[in-house]
Amino acid sequence: MTTVTTHGGPVFADPGFRRLFAAAAASRLGTSVGQLALPLAAVTALGAGPAEVGTLATASTLAFLLIGLPAGAWVDRVRRRPVMVTADLARAVLLGSVPLAWWAGALTLTQLYAVALLCGVATVFFDVADQSYLPHLVGPGRLTAANTALVSMDAANQLAGRGVGGLLVELLSAPVAIAVDALSFLWSALCLRSIRRPEPRPHPAGASLGRDIAEGVRLVARHPILRAFTAEGALTNLGIQVVQTMLPVLFVREPGLSPLWLGAFLGVGGAGSLLGSAAARRLGRRLGEGRLILLTSVGIVPFLPLVPMLDGGTGLWAAGAAWTVLTVKVGVSNVIKVSYRQRVTPDRLLGRVGATMRFLLTGALAIGAGMSGLVGELAGVRAALWVGVGVLAISCLPIVCSPLRALRDLPAGEQPARPHDAG
(Lines give C-alpha, C1' and ligand atoms only; values in the text may rest on other atoms or scores of the structure.)
Protein backbone atom coordinates (compact mmCIF):
# COMPACT_ATOMS: atom_id res chain seq x y z
CA MET A 1 0.00 0.00 0.00
CA THR A 2 1.39 3.40 -1.02
CA THR A 3 1.81 6.11 1.59
CA VAL A 4 0.41 9.46 0.47
CA THR A 5 1.68 12.86 1.41
CA THR A 6 -0.21 14.76 4.05
CA HIS A 7 -1.13 18.14 2.56
CA GLY A 8 -1.47 20.08 5.80
CA GLY A 9 0.98 21.55 8.27
CA PRO A 10 4.20 23.51 7.85
CA VAL A 11 6.30 22.20 5.02
CA PHE A 12 9.41 21.81 7.22
CA ALA A 13 7.46 19.54 9.56
CA ASP A 14 7.68 16.94 6.79
CA PRO A 15 10.89 14.85 7.24
CA GLY A 16 10.90 13.97 3.55
CA PHE A 17 10.96 17.63 2.56
CA ARG A 18 13.68 18.35 5.12
CA ARG A 19 15.90 15.73 3.49
CA LEU A 20 15.08 17.06 0.02
CA PHE A 21 15.91 20.57 1.23
CA ALA A 22 19.23 19.40 2.71
CA ALA A 23 20.12 17.70 -0.57
CA ALA A 24 19.25 20.81 -2.57
CA ALA A 25 21.14 23.08 -0.18
CA ALA A 26 24.35 21.09 -0.56
CA SER A 27 24.19 20.58 -4.31
CA ARG A 28 23.19 24.15 -5.10
CA LEU A 29 25.95 25.56 -2.94
CA GLY A 30 28.42 23.43 -4.87
CA THR A 31 26.79 24.38 -8.16
CA SER A 32 27.18 28.08 -7.38
CA VAL A 33 30.88 27.47 -6.75
CA GLY A 34 31.19 25.35 -9.89
CA GLN A 35 29.41 27.80 -12.18
CA LEU A 36 32.05 30.35 -11.27
CA ALA A 37 35.02 27.97 -11.14
CA LEU A 38 34.54 26.05 -14.41
CA PRO A 39 34.87 29.04 -16.79
CA LEU A 40 37.59 30.53 -14.59
CA ALA A 41 39.49 27.24 -14.84
CA ALA A 42 39.30 27.56 -18.62
CA VAL A 43 40.47 31.20 -18.55
CA THR A 44 43.14 31.05 -15.84
CA ALA A 45 44.49 27.50 -16.16
CA LEU A 46 44.13 26.99 -19.91
CA GLY A 47 44.15 30.53 -21.36
CA ALA A 48 40.69 30.30 -22.92
CA GLY A 49 39.29 33.32 -24.78
CA PRO A 50 35.70 34.51 -25.42
CA ALA A 51 34.99 31.83 -28.05
CA GLU A 52 36.21 28.99 -25.82
CA VAL A 53 34.31 30.29 -22.79
CA GLY A 54 31.17 30.60 -24.92
CA THR A 55 31.62 27.03 -26.16
CA LEU A 56 32.02 25.80 -22.58
CA ALA A 57 28.84 27.56 -21.46
CA THR A 58 27.00 26.16 -24.48
CA ALA A 59 28.16 22.63 -23.68
CA SER A 60 26.80 22.90 -20.13
CA THR A 61 23.26 23.63 -21.34
CA LEU A 62 23.17 21.95 -24.76
CA ALA A 63 21.71 18.74 -23.32
CA PHE A 64 18.38 20.47 -22.68
CA LEU A 65 18.05 21.07 -26.42
CA LEU A 66 19.24 17.58 -27.36
CA ILE A 67 17.34 15.36 -24.91
CA GLY A 68 15.09 17.67 -22.87
CA LEU A 69 11.77 16.58 -24.41
CA PRO A 70 12.32 12.79 -24.44
CA ALA A 71 13.75 13.00 -20.91
CA GLY A 72 10.43 14.40 -19.67
CA ALA A 73 8.42 11.63 -21.30
CA TRP A 74 10.78 9.00 -19.91
CA VAL A 75 10.73 10.45 -16.36
CA ASP A 76 6.92 10.25 -16.37
CA ARG A 77 7.26 6.48 -16.85
CA VAL A 78 9.50 5.79 -13.81
CA ARG A 79 9.83 6.72 -10.15
CA ARG A 80 11.54 10.09 -9.85
CA ARG A 81 13.77 9.81 -6.76
CA PRO A 82 16.10 7.07 -8.11
CA VAL A 83 16.62 9.21 -11.21
CA MET A 84 17.70 12.13 -9.01
CA VAL A 85 20.13 9.99 -6.98
CA THR A 86 21.75 8.54 -10.12
CA ALA A 87 22.12 11.99 -11.68
CA ASP A 88 23.81 13.34 -8.54
CA LEU A 89 26.32 10.48 -8.44
CA ALA A 90 27.12 10.94 -12.13
CA ARG A 91 27.82 14.65 -11.65
CA ALA A 92 30.02 13.96 -8.63
CA VAL A 93 32.21 11.58 -10.65
CA LEU A 94 32.40 13.86 -13.70
CA LEU A 95 33.32 17.00 -11.77
CA GLY A 96 35.76 15.08 -9.59
CA SER A 97 37.74 14.21 -12.72
CA VAL A 98 38.65 17.88 -13.28
CA PRO A 99 40.84 18.49 -10.19
CA LEU A 100 42.37 15.03 -10.59
CA ALA A 101 43.39 15.81 -14.19
CA TRP A 102 44.69 19.23 -13.13
CA TRP A 103 46.82 17.75 -10.34
CA ALA A 104 48.19 15.24 -12.88
CA GLY A 105 49.00 18.03 -15.36
CA ALA A 106 46.61 16.54 -17.94
CA LEU A 107 43.68 18.98 -17.89
CA THR A 108 42.52 20.13 -21.34
CA LEU A 109 39.71 22.22 -22.77
CA THR A 110 38.36 19.06 -24.43
CA GLN A 111 37.90 17.47 -21.00
CA LEU A 112 36.16 20.59 -19.68
CA TYR A 113 33.80 20.56 -22.67
CA ALA A 114 33.03 16.85 -22.13
CA VAL A 115 32.46 17.31 -18.38
CA ALA A 116 30.17 20.29 -18.99
CA LEU A 117 28.16 18.41 -21.63
CA LEU A 118 27.76 15.18 -19.63
CA CYS A 119 26.94 17.07 -16.43
CA GLY A 120 24.29 18.85 -18.47
CA VAL A 121 22.78 15.49 -19.47
CA ALA A 122 22.61 14.46 -15.80
CA THR A 123 21.12 17.84 -14.89
CA VAL A 124 18.35 17.43 -17.47
CA PHE A 125 17.15 14.22 -15.84
CA PHE A 126 17.62 15.56 -12.31
CA ASP A 127 15.73 18.82 -12.87
CA VAL A 128 12.79 17.19 -14.64
CA ALA A 129 12.51 14.49 -11.97
CA ASP A 130 12.97 17.01 -9.13
CA GLN A 131 10.13 19.32 -10.16
CA SER A 132 7.88 16.33 -10.84
CA TYR A 133 8.72 14.75 -7.47
CA LEU A 134 8.04 17.83 -5.30
CA PRO A 135 4.21 17.89 -5.76
CA HIS A 136 4.05 14.25 -4.61
CA LEU A 137 6.28 14.95 -1.62
CA VAL A 138 4.52 18.03 -0.21
CA GLY A 139 1.06 18.01 -1.81
CA PRO A 140 -0.51 20.76 -3.95
CA GLY A 141 -1.55 22.90 -0.99
CA ARG A 142 2.06 23.43 0.12
CA LEU A 143 3.73 23.88 -3.27
CA THR A 144 4.17 27.65 -3.01
CA ALA A 145 5.63 27.34 0.50
CA ALA A 146 7.99 24.56 -0.63
CA ASN A 147 9.09 26.44 -3.75
CA THR A 148 9.60 29.61 -1.72
CA ALA A 149 11.90 27.71 0.65
CA LEU A 150 13.83 26.08 -2.21
CA VAL A 151 14.19 29.20 -4.35
CA SER A 152 15.20 31.29 -1.32
CA MET A 153 17.77 28.68 -0.34
CA ASP A 154 19.03 28.62 -3.94
CA ALA A 155 19.45 32.39 -3.87
CA ALA A 156 21.22 32.25 -0.51
CA ASN A 157 23.58 29.64 -1.95
CA GLN A 158 24.30 31.86 -4.93
CA LEU A 159 25.12 34.66 -2.51
CA ALA A 160 27.40 32.48 -0.39
CA GLY A 161 28.58 30.02 -3.03
CA ARG A 162 29.80 32.52 -5.58
CA GLY A 163 31.54 34.56 -2.91
CA VAL A 164 33.18 31.39 -1.57
CA GLY A 165 33.93 30.29 -5.12
CA GLY A 166 35.66 33.56 -5.93
CA LEU A 167 37.69 33.29 -2.73
CA LEU A 168 38.66 29.66 -3.42
CA VAL A 169 39.74 30.51 -6.96
CA GLU A 170 41.70 33.51 -5.71
CA LEU A 171 43.48 31.65 -2.91
CA LEU A 172 43.79 28.06 -4.18
CA SER A 173 42.72 27.63 -7.84
CA ALA A 174 39.64 27.05 -9.96
CA PRO A 175 40.10 23.22 -10.09
CA VAL A 176 40.11 23.05 -6.28
CA ALA A 177 36.83 24.96 -6.24
CA ILE A 178 35.38 22.44 -8.69
CA ALA A 179 36.23 19.66 -6.22
CA VAL A 180 33.86 21.32 -3.74
CA ASP A 181 31.10 21.09 -6.36
CA ALA A 182 31.76 17.36 -6.81
CA LEU A 183 31.52 16.68 -3.08
CA SER A 184 28.23 18.59 -2.86
CA PHE A 185 26.57 16.26 -5.36
CA LEU A 186 27.74 13.24 -3.41
CA TRP A 187 26.13 14.63 -0.25
CA SER A 188 22.93 15.41 -2.17
CA ALA A 189 22.69 11.81 -3.37
CA LEU A 190 23.05 10.51 0.18
CA CYS A 191 20.31 12.84 1.47
CA LEU A 192 17.89 11.89 -1.29
CA ARG A 193 18.60 8.21 -0.76
CA SER A 194 17.56 8.60 2.90
CA ILE A 195 13.99 9.76 2.10
CA ARG A 196 11.74 6.94 3.29
CA ARG A 197 8.35 7.84 1.83
CA PRO A 198 7.42 5.45 -1.02
CA GLU A 199 6.63 6.95 -4.38
CA PRO A 200 3.36 6.05 -6.07
CA ARG A 201 3.47 3.69 -9.01
CA PRO A 202 4.20 5.56 -12.27
CA HIS A 203 1.35 6.07 -14.69
CA PRO A 204 1.19 3.51 -17.52
CA ALA A 205 3.39 4.39 -20.48
CA GLY A 206 1.75 5.75 -23.60
CA ALA A 207 1.67 4.01 -26.94
CA SER A 208 4.78 5.84 -28.14
CA LEU A 209 7.39 8.22 -26.81
CA GLY A 210 6.59 10.70 -29.57
CA ARG A 211 2.92 10.92 -28.62
CA ASP A 212 3.84 11.33 -24.95
CA ILE A 213 6.18 14.20 -25.82
CA ALA A 214 3.55 15.85 -28.03
CA GLU A 215 0.98 15.74 -25.23
CA GLY A 216 3.23 17.82 -22.96
CA VAL A 217 4.09 20.27 -25.75
CA ARG A 218 0.41 20.76 -26.61
CA LEU A 219 -0.52 21.62 -23.03
CA VAL A 220 2.12 24.36 -22.84
CA ALA A 221 1.35 25.68 -26.33
CA ARG A 222 -2.42 25.87 -25.73
CA HIS A 223 -2.33 27.24 -22.19
CA PRO A 224 -2.22 31.05 -22.56
CA ILE A 225 -0.54 31.71 -19.21
CA LEU A 226 2.06 28.94 -19.44
CA ARG A 227 2.78 30.00 -23.02
CA ALA A 228 3.46 33.60 -21.94
CA PHE A 229 5.55 32.46 -18.98
CA THR A 230 7.64 30.23 -21.23
CA ALA A 231 8.29 32.89 -23.86
CA GLU A 232 9.20 35.54 -21.27
CA GLY A 233 11.40 33.11 -19.36
CA ALA A 234 13.23 31.99 -22.50
CA LEU A 235 14.07 35.58 -23.44
CA THR A 236 15.16 36.35 -19.87
CA ASN A 237 17.42 33.30 -19.79
CA LEU A 238 18.84 34.16 -23.21
CA GLY A 239 19.74 37.69 -22.14
CA ILE A 240 21.16 36.70 -18.75
CA GLN A 241 23.31 33.98 -20.31
CA VAL A 242 24.74 36.33 -22.93
CA VAL A 243 25.84 38.64 -20.11
CA GLN A 244 27.02 35.99 -17.64
CA THR A 245 29.09 34.11 -20.23
CA MET A 246 31.31 37.14 -20.83
CA LEU A 247 31.61 38.25 -17.20
CA PRO A 248 34.55 35.91 -16.33
CA VAL A 249 36.48 37.23 -19.36
CA LEU A 250 35.75 40.85 -18.42
CA PHE A 251 36.68 40.40 -14.76
CA VAL A 252 39.99 38.75 -15.63
CA ARG A 253 40.97 41.29 -18.29
CA GLU A 254 39.58 44.58 -16.95
CA PRO A 255 42.04 46.57 -14.78
CA GLY A 256 40.89 46.82 -11.19
CA LEU A 257 38.78 43.65 -11.34
CA SER A 258 39.55 40.04 -10.34
CA PRO A 259 37.87 36.65 -9.79
CA LEU A 260 37.20 37.72 -6.20
CA TRP A 261 35.21 40.73 -7.45
CA LEU A 262 33.36 38.46 -9.90
CA GLY A 263 32.29 36.26 -6.99
CA ALA A 264 31.13 39.35 -5.08
CA PHE A 265 29.23 40.70 -8.10
CA LEU A 266 27.38 37.45 -8.69
CA GLY A 267 26.91 37.05 -4.94
CA VAL A 268 25.09 40.39 -4.79
CA GLY A 269 22.86 39.03 -7.54
CA GLY A 270 22.18 36.04 -5.30
CA ALA A 271 21.09 38.46 -2.57
CA GLY A 272 18.60 39.98 -5.00
CA SER A 273 17.21 36.59 -5.91
CA LEU A 274 16.93 35.73 -2.22
CA LEU A 275 15.02 38.95 -1.54
CA GLY A 276 12.69 38.37 -4.47
CA SER A 277 11.93 34.76 -3.65
CA ALA A 278 11.39 35.48 0.04
CA ALA A 279 8.96 38.31 -0.76
CA ALA A 280 7.12 36.56 -3.61
CA ARG A 281 4.29 34.99 -1.57
CA ARG A 282 3.57 38.16 0.41
CA LEU A 283 3.71 40.43 -2.63
CA GLY A 284 1.59 37.98 -4.61
CA ARG A 285 -1.14 38.08 -1.98
CA ARG A 286 -1.02 41.88 -1.71
CA LEU A 287 -0.74 42.84 -5.39
CA GLY A 288 -2.03 39.69 -7.08
CA GLU A 289 0.32 37.17 -8.65
CA GLY A 290 -0.59 38.12 -12.21
CA ARG A 291 -0.06 41.83 -11.58
CA LEU A 292 3.21 41.15 -9.75
CA ILE A 293 4.63 39.24 -12.71
CA LEU A 294 3.70 42.12 -15.03
CA LEU A 295 5.18 44.82 -12.78
CA THR A 296 8.47 43.04 -12.20
CA SER A 297 8.90 42.14 -15.89
CA VAL A 298 8.50 45.77 -16.98
CA GLY A 299 10.19 47.32 -13.95
CA ILE A 300 13.69 46.00 -14.70
CA VAL A 301 13.99 47.73 -18.08
CA PRO A 302 15.25 51.21 -16.97
CA PHE A 303 18.11 49.65 -14.97
CA LEU A 304 19.50 47.37 -17.67
CA PRO A 305 21.82 49.86 -19.51
CA LEU A 306 23.95 50.13 -16.36
CA VAL A 307 25.22 46.55 -16.70
CA PRO A 308 27.43 47.01 -19.83
CA MET A 309 29.00 50.09 -18.17
CA LEU A 310 30.69 47.83 -15.61
CA ASP A 311 34.32 48.81 -14.94
CA GLY A 312 36.88 48.82 -12.17
CA GLY A 313 35.49 52.02 -10.61
CA THR A 314 32.03 53.38 -9.93
CA GLY A 315 30.63 51.41 -12.86
CA LEU A 316 31.07 48.25 -10.81
CA TRP A 317 28.67 49.52 -8.14
CA ALA A 318 26.11 50.83 -10.64
CA ALA A 319 26.18 47.56 -12.59
CA GLY A 320 25.91 45.61 -9.35
CA ALA A 321 22.80 47.57 -8.35
CA ALA A 322 21.20 46.94 -11.75
CA TRP A 323 22.09 43.24 -11.58
CA THR A 324 20.46 43.06 -8.15
CA VAL A 325 17.21 44.56 -9.49
CA LEU A 326 17.23 41.98 -12.27
CA THR A 327 17.78 39.09 -9.87
CA VAL A 328 15.01 40.29 -7.54
CA LYS A 329 12.68 39.94 -10.50
CA VAL A 330 14.06 36.45 -11.24
CA GLY A 331 13.51 35.37 -7.63
CA VAL A 332 9.89 36.51 -7.68
CA SER A 333 9.26 34.84 -11.03
CA ASN A 334 10.79 31.51 -10.06
CA VAL A 335 8.51 31.07 -7.04
CA ILE A 336 5.28 32.15 -8.69
CA LYS A 337 5.74 30.59 -12.13
CA VAL A 338 6.96 27.17 -10.99
CA SER A 339 4.26 26.89 -8.31
CA TYR A 340 1.58 27.86 -10.83
CA ARG A 341 2.79 25.33 -13.39
CA GLN A 342 2.86 22.54 -10.81
CA ARG A 343 -0.68 23.44 -9.65
CA VAL A 344 -2.33 23.46 -13.07
CA THR A 345 -0.52 20.49 -14.63
CA PRO A 346 -2.07 17.01 -14.20
CA ASP A 347 0.24 14.67 -12.26
CA ARG A 348 0.67 12.29 -15.18
CA LEU A 349 1.99 15.17 -17.32
CA LEU A 350 4.28 16.83 -14.79
CA GLY A 351 7.48 15.44 -16.27
CA ARG A 352 6.54 16.21 -19.85
CA VAL A 353 5.27 19.73 -19.21
CA GLY A 354 8.30 20.46 -17.03
CA ALA A 355 10.61 19.10 -19.72
CA THR A 356 8.88 21.13 -22.44
CA MET A 357 9.42 24.33 -20.49
CA ARG A 358 12.95 23.32 -19.52
CA PHE A 359 13.69 22.53 -23.17
CA LEU A 360 12.82 26.10 -24.10
CA LEU A 361 14.06 27.90 -20.99
CA THR A 362 17.38 26.10 -20.63
CA GLY A 363 17.75 25.69 -24.38
CA ALA A 364 17.79 29.48 -24.44
CA LEU A 365 20.83 29.32 -22.15
CA ALA A 366 22.68 27.19 -24.70
CA ILE A 367 21.81 29.59 -27.49
CA GLY A 368 22.73 32.59 -25.35
CA ALA A 369 26.12 31.12 -24.48
CA GLY A 370 26.95 30.47 -28.12
CA MET A 371 25.70 33.91 -29.14
CA SER A 372 27.76 35.53 -26.41
CA GLY A 373 30.94 33.76 -27.45
CA LEU A 374 30.41 34.68 -31.10
CA VAL A 375 29.66 38.36 -30.43
CA GLY A 376 32.46 38.57 -27.88
CA GLU A 377 34.96 37.14 -30.34
CA LEU A 378 33.88 39.28 -33.31
CA ALA A 379 32.82 42.56 -31.69
CA GLY A 380 34.25 42.48 -28.18
CA VAL A 381 33.15 41.59 -24.67
CA ARG A 382 31.21 44.81 -24.06
CA ALA A 383 29.29 44.42 -27.31
CA ALA A 384 28.12 41.04 -26.02
CA LEU A 385 26.94 42.69 -22.79
CA TRP A 386 24.89 45.23 -24.76
CA VAL A 387 23.31 42.43 -26.80
CA GLY A 388 22.39 40.63 -23.60
CA VAL A 389 20.69 43.63 -21.99
CA GLY A 390 18.89 44.35 -25.25
CA VAL A 391 17.32 40.89 -25.14
CA LEU A 392 16.42 41.40 -21.47
CA ALA A 393 14.72 44.71 -22.33
CA ILE A 394 12.28 43.02 -24.72
CA SER A 395 11.68 39.98 -22.50
CA CYS A 396 8.61 41.66 -20.96
CA LEU A 397 6.74 41.71 -24.28
CA PRO A 398 5.20 38.20 -24.01
CA ILE A 399 3.73 39.20 -20.62
CA VAL A 400 2.57 42.64 -21.79
CA CYS A 401 0.91 41.11 -24.87
CA SER A 402 -0.79 38.27 -22.94
CA PRO A 403 -4.03 38.15 -20.91
CA LEU A 404 -1.88 38.81 -17.82
CA ARG A 405 -1.89 42.54 -18.54
CA ALA A 406 -5.55 42.66 -17.45
CA LEU A 407 -5.46 40.12 -14.61
CA ARG A 408 -4.80 40.68 -10.94
CA ASP A 409 -4.64 36.98 -10.00
CA LEU A 410 -3.49 33.93 -11.90
CA PRO A 411 -6.35 31.72 -13.14
CA ALA A 412 -6.63 28.20 -11.80
CA GLY A 413 -7.35 26.35 -15.03
CA GLU A 414 -6.27 26.17 -18.63
CA GLN A 415 -8.03 29.38 -19.69
CA PRO A 416 -7.50 32.73 -17.97
CA ALA A 417 -10.38 34.62 -16.48
CA ARG A 418 -11.85 37.34 -18.67
CA PRO A 419 -10.54 40.81 -17.89
CA HIS A 420 -13.83 42.00 -16.37
CA ASP A 421 -13.81 39.01 -14.02
CA ALA A 422 -10.40 39.91 -12.59
CA GLY A 423 -10.33 41.32 -9.08
**OP:** Could you check R197 against F17 for side chain to side chain contact (heavy atoms under 4.5 Å, CB included), going step by step and ending with a plain yes or no?
**Re:** CA-CA 10 Å; R197 180 178 297 119; F17 179 76; over 6 Å; no
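- Atom CG of L283 is separated from atom OG1 of T296 by 9.5 Å, given to the nearest 0.5 angstrom.
- Around CH2 of W187, the count of heavy atoms belonging to other residues, nucleotides or ligands within 6.0 Å does not exceed 12.
- A pairwise comparison of heavy atoms in T236 and V330 identifies CG2-CG2, 4.5 Å as the closest pair.
- Between M84 and L20, some side-chain heavy-atom pair lies under the 4.5 Å cut-off.
- D14 is listed as a side-chain neighbour of R142, based on a closest heavy-atom distance under 4.5 Å.
- Salt bridge annotation for D181-R91: absent, with no cationic side-chain nitrogen under 4.0 angstrom from a carboxylate oxygen.
- A side-chain donor-acceptor contact under 3.5 Å links S297 to the backbone of I293.
- A donor-acceptor pair is defined here as one N or O able to donate and one able to accept, closer than 3.5 Å; such a pair exists between the side chain of S395 and the backbone of L392.
- Between E289 and R282, no side-chain nitrogen of the basic residue sits less than 4.0 Å from a carboxylate oxygen of the acidic one, so the salt-bridge criterion is not met.
- Taken from CD1 in I225 to NZ in K337, the straight-line distance is 11.5 Å, to the nearest 0.5 Å.
- L62 has its side chain within reach of L66: a pair of non-hydrogen atoms, C-beta onward, lies under 4.5 Å apart.
- When all heavy atoms of L89 and A189 are compared, the pair lying nearest together is CD2-CB, 3.7 Å.
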**OP:** For the pair V124 and F359, evaluate side chain to side chain contact (heavy atoms under 4.5 Å, CB included) and give the outcome as yes or no after the intermediate values.
**Re:** CA-CA 9 Å; V124 169; F359 171 78; over 6 Å; no
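- Remark: F265 pairs with L247, F251, L310, L316, A319, W323 by the side chain to side chain contact (heavy atoms under 4.5 Å, CB included) rule, at least two apart or across chains.
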Subject >> Audit row: F125, I67, side chain to side chain contact (heavy atoms under 4.5 Å, CB included) steps and yes/no >> reply: CA-CA 9 Å; F125 284 100; I67 63 168; 3.7 Å; yes
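- More than 12 heavy atoms of other residues, nucleotides or ligands shown are found within 6.0 angstrom of CZ on R227.
- The shortest side-chain heavy-atom distance between F229 and R341 does not fall under the 4.5 Å cut-off.
- The backbone N or O of I336 sits nowhere less than 3.5 Å from a side-chain atom of S339 that would complete a donor-acceptor pair.
- Side-chain atoms of S194 come within 3.5 Å of backbone atoms of C191 as a donor-acceptor pair (strictly under, hydrogens ignored).
- Between the CG atom in L404 and the CD atom in E232 there is a gap of 10.0 Å [rounded to 0.5 Å].
- Looking at Q241 and S372, their side chains never bring a donor and an acceptor atom within 3.5 Å of each other.
- When atom types are taken as modelled, the side chain of Q111 and the backbone of S97 share a donor-acceptor pair closer than 3.5 angstrom.
- For F126, the ring-ring contact (aromatic ring centres under 6.0 Å, His included) criterion is met by no residue, not counting sequence neighbours.
- A salt bridge does not link R80 to D127: none of the charged side-chain nitrogens sits closer than 4.0 Å to a carboxylate oxygen.
- The two residues P99 and L95 have their closest heavy-atom pair at CD-O, 3.1 Å.
- Summarising the geometry of C396 relative to A393, their closest heavy-atom pair is SG-O, 3.8 Å, with the distance given to 0.1 Å.
- Across all non-hydrogen atoms, the minimal contact from R382 to M309 is NH1-C, 4.1 Å.
- Considering all non-hydrogen atoms of both residues, L46 and L107 come closest at CD2-O, 3.6 Å.
- At a threshold of 4.5 Å between non-hydrogen side-chain atoms, the residues L134 and L150 count as touching.
- Here the side chain of E377 pairs a donor or acceptor atom with the backbone of A51 at under 3.5 angstrom.
- Using a 4.5 Å cut-off on side-chain heavy atoms (C-beta onward), L186 and D88 make no contact.
- For the atom pair L410 CG and R343 CZ, the distance stands at 7.0 Å (nearest 0.5 Å).
- At a threshold of 4.5 Å between non-hydrogen side-chain atoms, the residues V128 and Y133 do not count as touching.
- Between R18 atom CZ and I195 atom CD1 the span is 11.0 Å, to the nearest 0.5 Å.
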Original post:
Where do L238 and M371 land on the side chain to side chain contact (heavy atoms under 4.5 Å, CB included) test, with the steps shown first?
Top reply: CA-CA 9 Å; L238 179 67; M371 180 189 302; 4.2 Å; yes
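- Interatomic distance, CG of L306 versus CG of L326, reported as 12.0 Å (0.5 Å rounding).
- Counting heavy atoms from C-beta outward, V381 and L250 have side chains that approach closer than 4.5 Å.
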